[in-house]
Trainee: 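Mind looking over this structure? Questions follow.
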Amino acid sequence: MAVSKNQKVDIIKQSILSGIQEFGENYIQEAILKIQKFKKYKHITWHFIGKIQSNKTKLVAKNFDWCQTVDREKIVFLLNKYRPKNLLPINVLIQINISKEPKKNGIDITEYQTLAKIISSMPNINLRGIMAMPKITKNIVNTNLQYQIIKKTFHQLKQQYTSVDTLSLGTSFDIENSLLNDSNMIRIGRNIFN
Ligand SMILES: *Cc1c(COP(=O)(O)O)cnc(C)c1O
C-alpha cells in the first residue's frame, strides 16, 4: 500500500495511472479531499492509518474502505454506528502497541482479544486482522521478538475468525523483516514517493 500522506494530488494521480491501487492516509481532512478528487477511479482502496479521534470517526466511517488504527471500544461503536448502509462494512485492523512505548497508539497485546470479540459482533464492521509498528532498536533480539510476537498473534486471530486475513506490518524501514514475519500488507511512503 502506498502511504500518500502529505503528497499532492498530481503525484497521487501519477501513481494511480502507474498502477497503484491501495492508498493510506493519516490526516482526515486532507484525505477526504483526495478521496473526493479520485472518486471516479472505482478500483482504488483508501486506508485510514492515522491516529483516530472519536470526533473524527464518523468521517472515517463515511469515506474510507479500511480503518487500520482501531484500538478501543469507543471507536468500534462509532464506526459501526456511522458506516453508511449503502456501503459494504468497513474493513478494520486492530492496532497493537507492540513496542510498549506509552505514547504510541494501539491496544496492549493482553487486551486485543476482547476488542476482536466486540468487532466481530458488529454488522457494519469486518474484522480483517492486525496492524503494528514495531520499534526498531539497536537491540536486535528485542526488535526481532516484537515481530515474532505480532506474527504469532496474527495466526492466532486468523484461527479464531474466518474474516481475518491481513497482517499490516512494515514501512520503508523494515520491509524485509516484516515480510519474513508473514506480513501481507506493507505500508510504504518514502520509498515510493521520495
Ligand atoms: C507514514 C506512515 C507509514 C509510511 O512510512 P514510510 O517510512 O514513509 O514508509 C507507514 N505507516 C504509518 C502508520 C505511517 O504513519
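Order of appearance sets the numbers: ligands from 1, and atoms from 1 within every ligand.
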Trainee: Does atom CD1 (Ile140) have a neighbourhood of more than 12 heavy atoms from anything else shown, all under 6.0 Å?
Mentor: no
Trainee: Report the C-alpha separation of Trp46 and Phe23 in whole Å, then their side-chain angles, then the decisive distance to 0.1 Å, and conclude whether the ring pair (Phe, Tyr, Trp, His ring centres under 6.0 Å) test is met.
Mentor: CA-CA 5 Å; Trp46 294 94; Phe23 290 90; 5.4 Å; yes
Trainee: Determine yes or no for a side-chain-to-main-chain donor-acceptor pair under 3.5 angstrom, with Lys56 supplying the side chain and Tyr27 the backbone.
Mentor: no
Trainee: Under a 4.0 Å N-O cut-off, is there an ion pair linking Lys158 with Asp165?
Mentor: no
Trainee: Regarding Lys5 and Glu30, does a basic nitrogen lie under 4.0 Å from an acidic carboxylate oxygen?
Mentor: no
Trainee: I'd like the atom pairs linking ligand 1 to the protein - N or O on both sides, separation under 3.5 Å - with distances to 0.1 Å.
Mentor:
unit_1   : atom_1 : unit_2 : atom_2 : d
ligand 1 : 7 (O)  : Arg190 : NE     : 3.1
ligand 1 : 8 (O)  : Arg190 : N      : 2.8
ligand 1 : 8 (O)  : Arg190 : NE     : 3.4
ligand 1 : 9 (O)  : Ser172 : N      : 3.0
ligand 1 : 9 (O)  : Ser172 : OG     : 2.4
ligand 1 : 9 (O)  : Gly189 : N      : 2.8
ligand 1 : 11 (N) : Arg187 : NE     : 2.9
ligand 1 : 15 (O) : Lys5   : NZ     : 2.8
ligand 1 : 15 (O) : Asn26  : ND2    : 2.8

Trainee: Taking all non-hydrogen atoms of both residues, which atom of Ala31 and which atom of Glu25 are closest, and how far apart?
Mentor: CB-CB, 3.6 Å
